[in-house]
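What follows is one structure encoded as structure tokens, with my remarks underneath.
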Amino acid sequence: MYKESFLMAWASLIANKMRSILTMLGIIIGVAAVIALVSIGNGVKQDIQNSISSLGSNLLMVMPGAPRTPGVRPSPGSMKSLKVADYEAIAKLDGVKAASPMTNGGYVVIYQNKNWTTSVSGVNANYLDVNNWTMKSGRFLSEKNVQNRERVAVVGKTVVKNLFGDEDPVGKEIRVKNIPFRIIGVLNSKGSGAMGNDQDDMVIIPYTTAMERVDGIDYLRMIYVVGKDENGIDRLQSDIENLLRVRHGIKDTNLDDFNIQNMNSIMETMEETTGTLTLFLGAVAAISLVVGGIGIMNIMLVSVTERTREIGVRKALGATYNVIVTQFLIEAIVISLMGGIIGIILGVGSSKLIGMASGGMSTVISIPTIVMSFAFSVAIGLVFGIYPARKAAKLNPIDALHYE
């Protein structure tokens with residue numbers, strides 16, 4: 001009986017090709033949209049995770065806080081509370097593997113007749129390891145460069161592209177605030193950061209040179225700290241907080257003039273946010289599946305009306321209520337089944353096309369999402385096919401035979 005019902009349903013689809021395609025359209029669009037949107041959401045999540053994890057899960061970023069002036073709401077990081085002596089004290093803590101101070105500012109960098117506005121950061125020799133950078137050519141800053149306040153620089157890919165083109169920048173001279181710097185190395189590309197910023201658009205110089213010659217300041221913008229043990233990063237954060245409170249004479253923790261960002265905490269927050277976004281996108285796309293189910297129900301009701309005499313003959317020859325219900329339910333399921341298969345093909349294909357067309361955007365196709373979308377599409381056909389199937393099974397055979 002089930003095989004015969006399936007063959008009848010298939011024959012009905014083939015006999016009314018255009019109507020069948022239009023009926024499946026809602027299911028096709030729904031399944032494809034769910035797969036594509038969830039793939040985009042998973043891709044964004046993966047990009048953010050890769051960007052954050054590239055910095056290391058045992059990384060702490062110590063930044064100045066915001067001054068608490070009555071009636072004034074300044075921006076975070078606007079205080080000048082971090083000094084070189086703070087960095088030196090933090091670097092001596094037992095749990096610290098490496099640390100680097102940092103100053104930062106936006107400046108116009110000049111090479112011959114070309115100029116480019118970029119970020120100029122002052123760091124020490126540990127910065128390469130602290131931020132998991134690698135060198136493409138040349139070398140990184142040395143402790144001697146930092147101690148002697150030398151005018152040397154390491155540049156990123158974006159700066160090289162805009163100032164030097166295909167020319168090798170190592171050994172060339174650039175000017176920052178009319179101060180000459182000799183390029184000693186080029187960093188490997190890192191691409192966009194978690195917030196969409198270009199990580200390769202930067203010039204790195206010794207922090208001592210930056211503070212004295214370029215920025216003209218006596219404080220630090222940030223201190224990067226890498227812990228020896230990932231499991232002990234929370235304890236290290238607590239030690240740094242206590243150290244800075246003692247050094248800055250802070251007795252009330254609510255009056256801290258600094259804040260510390262833990263990469264583990266940032267990772268967890270971003271995962272929760274992107275997970276919620278992906279779930280929202282999938283839920284929005286799933287609405288079209290419900291719309292597709294309504295379309296199936298409407299077409300099945302039309303089919304019941306068109307085949308009233310057929311139903312009457314079948315019941316007159318002994319077809320039971322369950323036989324008629326089964327026949328029409330299988331037809332509804334076959335429609336949603338075919339729509340689900342086509343939707344999966346379109347969804348996977350569109351996900352790959354979006355990834356290629358967008359350039360840098362990643363799309364991650366999820367097998368569980370495909371399975372759930374397909375199962376949901378079949379369930380939609382079953383649920384929305386029940387009413388037309390029951391209506392067909394309740395027809396009176398005598399009335400059906402005389403139906404015009």
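Computed from a predicted structure; not experimentally measured.
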Could you go through the side chain to side chain contact (heavy atoms under 4.5 Å, CB included) check for Leu60 and Ile240 one step at a time?
CA-CA 10 Å; Leu60 297 175; Ile240 295 173; 3.9 Å; yes

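- Distance alone, capped at 3.5 Å, places no donor-acceptor pair between the Ser238 side chain and the Asp234 backbone.
- Other residues, nucleotides and ligands contribute at most 12 non-hydrogen atoms within 6.0 Å of the NZ atom of Lys352.
- At distances below 3.5 Å, at least one donor-acceptor pair connects side-chain atoms of Lys172 with backbone N or O atoms of Asp168.
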Below 3.5 Å, can you tabulate the donor-acceptor pairs from side chains in residues 98-105 to any protein atom, sequence neighbours excluded?
from	atom 1	to	atom 2	distance (Å)
Ser100	OG	Asn124	N	3.4
Ser100	OG	Asn124	OD1	2.9
Thr103	OG1	Gly122	N	3.4
Thr103	OG1	Asp215	OD2	3.3
Asn104	ND2	Ser119	OG	2.7
Asn104	ND2	Ser121	OG	2.8

Decide yes or no on side chain to side chain contact (heavy atoms under 4.5 Å, CB included) for Thr118 and Thr158, but give the supporting numbers first.
CA-CA 9 Å; Thr118 186; Thr158 302; over 6 Å; no

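- With a 4.5 Å cut-off on side-chain heavy atoms, Met211 and Val84 count as touching.
- Met202 CE to Lys190 NZ: the interatomic distance, rounded to the nearest 0.5 Å, is 9.0 Å.
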Under the side chain to side chain contact (heavy atoms under 4.5 Å, CB included) criterion, do Val159 and Asp201 qualify, and how do the steps go?
CA-CA 6 Å; Val159 176; Asp201 190 6; 3.7 Å; yes

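- Counting heavy atoms from C-beta on, the side chains of Trp116 and Lys161 never come closer than 4.5 Å.
- Residues Thr134 and Leu128 share a closest heavy-atom pair of N-CD1, 4.2 Å.
- Between Ser351 and Ile35 the shortest side-chain heavy-atom distance falls below 4.5 Å.
- Shown here for Val152 and Ile205, the closest heavy-atom pair between the two residues is O-CG2, 3.5 Å.
- Of all the heavy atoms in Asp86 and Ser81, the pair that sits closest is OD2-O, 3.3 Å.
- Ile183 places none of its side-chain heavy atoms less than 4.5 Å from the side chain of Val154.
- Closest approach of Arg149 and Thr209 over heavy atoms only: C-OG1, 3.1 Å.
- For the atom pair Ile90 CD1 and Arg247 CZ, the distance stands at 8.5 Å (nearest 0.5 Å).
- Within the structure, the ring pair (Phe, Tyr, Trp, His ring centres under 6.0 Å) test picks out the following pairs touching residues 160-190 (sequence neighbours left out): Tyr111-Phe164.
- Rounding to the nearest 0.5 angstrom, the gap separating the CG atom in Asn42 from the CG atom in Leu37 is 11.0 Å.
- Evaluation of the ring pair (Phe, Tyr, Trp, His ring centres under 6.0 Å) test over residues 298-328, restricted to residues two or more places apart or in two chains, returns none.
- Between Leu244 and Val62 the shortest side-chain heavy-atom distance falls below 4.5 Å.
- Remark: Leu22 CG to Ile299 CD1 distance equals 8.0 Å, nearest 0.5 Å.
- Residue Tyr107 qualifies as enclosed at atom OH: its count of foreign heavy atoms under 6.0 Å is above 12.
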Which donor-acceptor pairs under 3.5 Å do side chains of residues 375-385 form with protein atoms, sequence neighbours excluded?
from	atom 1	to	atom 2	distance (Å)
Ser377	OG	Phe374	O	2.6

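- Atom CG of Asp252 is surrounded by more than 12 heavy atoms from other residues, nucleotides or ligands within 6.0 Å.
- Here ring pair (Phe, Tyr, Trp, His ring centres under 6.0 Å) pairs that include residues 220-256, with residues two or more places apart or in two chains, are Tyr127-Tyr224.
- Within the 4.5 Å cutoff, the side chain of Leu187 has heavy atoms near those of the Met135 side chain.
- A salt bridge links Asp218 with Lys83: the distance from a Lys NZ or Arg NE/NH1/NH2 to an Asp or Glu carboxylate oxygen falls below 4.0 Å.
- Remark: Asn254 CG to Asp256 CG distance equals 8.0 Å, nearest 0.5 Å.
- Among the candidates Asn188, Val160, Val170, the single residue satisfying the side chain to side chain contact (heavy atoms under 4.5 Å, CB included) test with Lys136 is Asn188.
- Val325 approaches Ala393 most closely through the heavy-atom pair CG2-CB, 3.5 Å.
- Using a 4.5 Å cut-off on side-chain heavy atoms (C-beta onward), Asp239 and Arg235 make contact.
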What's the verdict on side chain to side chain contact (heavy atoms under 4.5 Å, CB included) for Met372 and Thr369, showing C-alpha distance, side-chain angles and the deciding distance?
CA-CA 5 Å; Met372 288 180 62; Thr369 301; 5.8 Å; no

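- Arg175 and Pro180 get closest at one heavy-atom pair: NH1-CB, 3.9 Å.
- The ring pair (Phe, Tyr, Trp, His ring centres under 6.0 Å) check on Tyr87 picks up nothing, with sequence neighbours excluded.
- Interatomic distance, CZ of Arg213 versus OG1 of Thr208, reported as 9.0 Å (0.5 Å rounding).
- A 4.5 Å side-chain heavy-atom check between Lys391 and Met300 finds every atom pair outside the cut-off.
- A donor and an acceptor atom, one from each side chain of Asn145 and Ser142, are located under 3.5 Å apart.
- Heavy atoms from other residues, nucleotides or ligands lying under 6.0 Å from NZ of Lys97 number 12 at most.
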